[in-house]
Amino acid sequence: MNIAILVSGRGSNMKNIIDWVENQTDDKIRVSLIISDNSDAKGLVVARRKNIKAIFIAADPFKTKLSGISEEVYISILKKENIDLICLAGFMRVVKTKILKEFKNKIINIHPSLLPKYKGLNTHQRVLENHEKETGCTVHWVDETIDGGKIITQKKVAISEDDDEKSLAKKVMSQEHIAYREALEKIIQERKYRY
Ligand code: GRF
């Protein structure tokens, strides 16, 4: 299974996936490509230190959706590398239409809420404003909806009275890393004979 990871920032989920792959005994599972829409993404530096091909491909700064020529470039590079699974890990672009068609049932994403609740941005802020007692994270298949694809796995986090956005983000993040590993394990089990 040849994995590509798309990142826009820090890349802690990306690193978590790379570390998980490194610990697999099956050498057919590998991370062969990191792409970022942000030339300053720390994730690019982290990946290069691990000797993984990590490239910046600019996307339209006026659009949140990956589209036009940059989408074509993303697709052609992902195809050239024979990517089987694309992991979105803090990739701040909406992935729709063309790339979805080219990589049907091959794109997954992590979202910092218990989907279907709190789709979109600023999840922790909205969760706190609504005085929720729990939140969490979700790894899901990407489809044409935003954060609405089939759920692979979820992890819950209890919210305490004194939690703020920062403390909540930290708690959720530690569960994100567990969730991403669990999701990959599930996918590998389900698709064992296809790779
Ligand atoms: C994570 O909270 C993830 O759920 C969201 O973006 C954040 C990325 O963090 N989609 P990192 O770059 O993986 O550290």
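Atoms considered below: every heavy atom in the structure, side chains included; atoms not considered: hydrogens, waters and symmetry mates. Atoms within each ligand, like the ligands themselves, are counted from 1 in listed order.
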**Study point:** Under 3.5 Å: N/O of Gly11 near N/O of ligand 1
**Key:**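 Such a contact does occur with ligand 1.
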Practice item. Determine the minimum heavy-atom distance between Tyr118 and Glu132, stating which atoms define it. Key: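 The pair with the smallest heavy-atom distance is OH-OE2, 2.6 Å.
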Check your understanding: If you look at every heavy atom in Val172 and Thr135, which pair is closest and at what distance?
Key ->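 So the two residues come closest at CG2-CG2, 3.9 Å.
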Exercise for review: Identify which of Glu176, Met14, His124, Lys15 has a heavy atom lying nearest to atom 4 (O) of ligand 1.
Suggested key: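 Among Glu176, Met14, His124, Lys15, the closest heavy atom to atom 4 (O) of ligand 1 comes from Glu176.
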Write out the residue and atom name of the closest protein heavy atom to [atom], then the distance separating them to 0.1 Å.
atom	result
atom 11 (P) of ligand 1	Ser12 N, 3.5 Å
atom 7 (C) of ligand 1	Gly90 CA, 4.2 Å
atom 10 (N) of ligand 1	Ile110 O, 3.2 Å

Check your understanding: Do any heavy atoms of Met173 fall under 4.0 Å from ligand 1?
Key ->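 A heavy atom of Met173 does come that close to ligand 1.
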Review point. When you look at Asp37 and Ser8, which way does the side-chain hydrogen bond (donor to acceptor under 3.5 Å, both in side chains) test go after all the steps?
Key: CA-CA 6 Å; Asp37 61 335; Ser8 295; 2.7 Å; yes
Review point. Only one of His177, Glu176, Lys42 forms a side chain to side chain donor-acceptor pair (under 3.5 Å) with Ser12, so which one is it?
Key: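 Looking at His177, Glu176, Lys42, the match for Ser12 under the side chain to side chain donor-acceptor pair (under 3.5 Å) is His177.
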Practice item. Give the cluster check for Leu184 versus Ile83: same hydrophobic cluster or not, with ILVMFWY residues linked at side-chain heavy-atom distances below 4.5 Å. Key: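 Result: no, two separate clusters.
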